[in-house]
Engineer: 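Got a structure for you, written out below as structure tokens; questions coming shortly.
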Number of protein chains: 2
Amino acid sequence: MSTEDTGATLEGELALTAVETVDTTFLETLIGYNARRTALVAIESFLRVLEPLRLKPVEFSVLSLIEHNPGITQRQLCAALNILPPNLVGLIQRQERRGFIEKRPHPRDGRASGLYTTDEGRSFVARAEELVAALEARLVARLSPSEQRTLLQLLQRVYRSPSV
Amino acid sequence: MSTEDTGATLEGELALTAVETVDTTFLETLIGYNARRTALVAIESFLRVLEPLRLKPVEFSVLSLIEHNPGITQRQLCAALNILPPNLVGLIQRQERRGFIEKRPHPRDGRASGLYTTDEGRSFVARAEELVAALEARLVARLSPSEQRTLLQLLQRVYRSPSV
DNA sequence: TATTGTTATACTCTATAACTATA
DNA sequence: TATAGTTATAGAGTATAACAATA
């Protein structure tokens, strides 16, 4: 992250410690810290790779979930993605305006509507998922296939464990 | 996340799929998604546990880094924590006002100042780090010690790999 | 000329209150 | 009475531009 290194540490001041190299060992023992940094790196790449499609991570998640769960409701999307209902409204409208999804009346609940991808939306999601899969491969390129599986499993066991 | 389950899936509608249970299998293959969810769970617990100390995750990181890197500059903190300089100013001022840190003139650079914890700050950080360590233990309670080490190592290999 | 710390400010993300229409 | 979706809005987090002091 730092681009310079002026060296010259021996100024003779006793109390002076590690002013050039930052010691982050304590923070690095915390999954919260490490998970956050990993997520930030992934999101950064994501933004770059999906920029040509004008698609942000949450928007991708929403489209992908609708594609694989035809008829899903906004309430279900909120629960699955940890989004608050008011903040989902705009996301849905945008994808609707782009012609990628459409609402149809819900068969059993007049308050809700089911969300579906359009033909155009389906091919768009397919393209996006390809780009994301390729990005994913680059992200974990340093890990062996078994290490990749292990990492996902361990993360899931942490965030799925109840009452943390 | 969902608390209800109305059942009654066999309505006879052909196109209706998985309206009650959401299929997230594609998203769950992505480290970005899994790392983010893990980070969110950790941050949630963090906010709850550190609330009595009126300390947020970033504030803890800042204090902890100053404690373990006496004389660190704001520029170094920014680089280490991925914070932009203007956004660090307020964080520093708040911890200064609480009497936990102090600025001293930098020995070699008149533009910068070195940051140090005060006596009060040191005992405060110690208390905070204890709480965080206990929280960490609960977060990874479902993993064996060797799995815990593996998880941290794999995460670090992902976010440290260059040019993702 | 470049960099540290700072102010002001804009933009995005997330959260809360309140409404409507259905259940 | 409670819930799905919506509007309006507040607040937190993150970003850029510009400046003074120092390198």
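The shown structure was predicted, so the numbers you read here are calculated from the model rather than taken from an experiment. First the proteins, then the strands, lettered A, B, ... as listed; each starts at 1.
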Engineer: Enumerate the ring pair (Phe, Tyr, Trp, His ring centres under 6.0 Å) contacts for residues 71-92 of chain B, please, sequence neighbours excluded, ordered by first and then second residue.
Structural biologist: none

Engineer: For the side chain of A:Gln95 and the backbone of A:Ile92, is there at least one donor-acceptor N/O pair under 3.5 Å apart?
Structural biologist: no

Engineer: Dump every N/O contact between nucleotides 11-15 of chain D and the protein below 3.5 Å, one line per pair.
Structural biologist:
unit_1, atom_1, unit_2, atom_2, d
D:dT14, OP1, A:Arg36, NH2, 3.0
D:dA15, N7, B:Asn87, OD1, 3.4
D:dA15, N7, B:Asn87, ND2, 3.0
D:dA15, N6, B:Asn87, OD1, 2.8

Engineer: Below 3.5 Å is the cut-off: list the nitrogen or oxygen pairs between protein and nucleotides 19-23 of chain C, distance only.
Structural biologist:
unit_1, atom_1, unit_2, atom_2, d
C:dA23, OP1, A:Gly110, N, 2.8

Engineer: Using whole Å, what does the distance between atom C1' of nucleotide C:dT7 and atom CG of B:Leu88 come to?
Structural biologist: 14 Å

Engineer: Below the 4.0 Å mark, does C:dT4 have OP1 or OP2 next to a side-chain nitrogen or oxygen of B:Lys103?
Structural biologist: no

Engineer: Round to a whole Å and report the spacing from CD of A:Gln74 to C1' of D:dT7.
Structural biologist: 13 Å

Engineer: When the nearest nucleotide of DNA chain D is assigned to A:Ala112 and to A:Gln93 on a heavy-atom basis, which residue is associated with the more 5' position?
Structural biologist: A:Ala112

Engineer: Is it true that atom CD of A:Gln156 has more than 12 heavy atoms of other residues, nucleotides or ligands lying nearer than 6.0 Å?
Structural biologist: yes

Engineer: Find the distance A:Arg94:CZ to C:dC13:P and express it as a whole number of Å.
Structural biologist: 10 Å

Engineer: Side chains of B:Glu129 and B:Ser64: is there a donor and an acceptor less than 3.5 Å apart?
Structural biologist: yes

Engineer: Rounded to the nearest angstrom, tell me the gap between atom CZ in B:Arg75 and atom P in C:dA2.
Structural biologist: 16 Å

Engineer: List in chain and number order the residues that pass ring-ring contact (aromatic ring centres under 6.0 Å, His included) with A:Phe46, two or more places apart in sequence or in another chain; answer none if no residue qualifies.
Structural biologist: A:Phe60

Engineer: Quickly work out the A:Leu115 CG to D:dT6 C1' distance and round it to whole Å.
Structural biologist: 14 Å

Engineer: Going by the salt bridge (Lys or Arg N to Asp or Glu O under 4.0 Å) test, which pairs reach into residues 150-161 of chain A, not counting sequence neighbours?
Structural biologist: A:Arg157-B:Glu147, A:Arg160-B:Glu28

Engineer: Whole angstrom is fine here: how far is it from CG in A:Leu81 over to P in C:dC13?
Structural biologist: 15 Å

Engineer: Take atom CD1 of B:Ile83 and atom P of C:dG5, then tell me their distance rounded to the nearest Å.
Structural biologist: 13 Å

Engineer: Report the distance from atom CD of A:Gln153 to atom CG of B:Leu143, rounding to the nearest 0.5 Å.
Structural biologist: 11.0 Å

Engineer: When you check the gap from the basic side-chain N to the acidic O, do B:Arg122 and B:Glu67 get nearer than 4.0 Å?
Structural biologist: no

Engineer: From CG of A:Leu91 over to C1' of D:dT7, roughly how many Å is that when rounded to an integer?
Structural biologist: 15 Å

Engineer: In the hydrophobic clustering that connects Ile, Leu, Val, Met, Phe, Trp and Tyr at side-chain heavy-atom distances below 4.5 Å, which members other than B:Leu40 occupy its cluster, ordered by chain and number?
Structural biologist: none

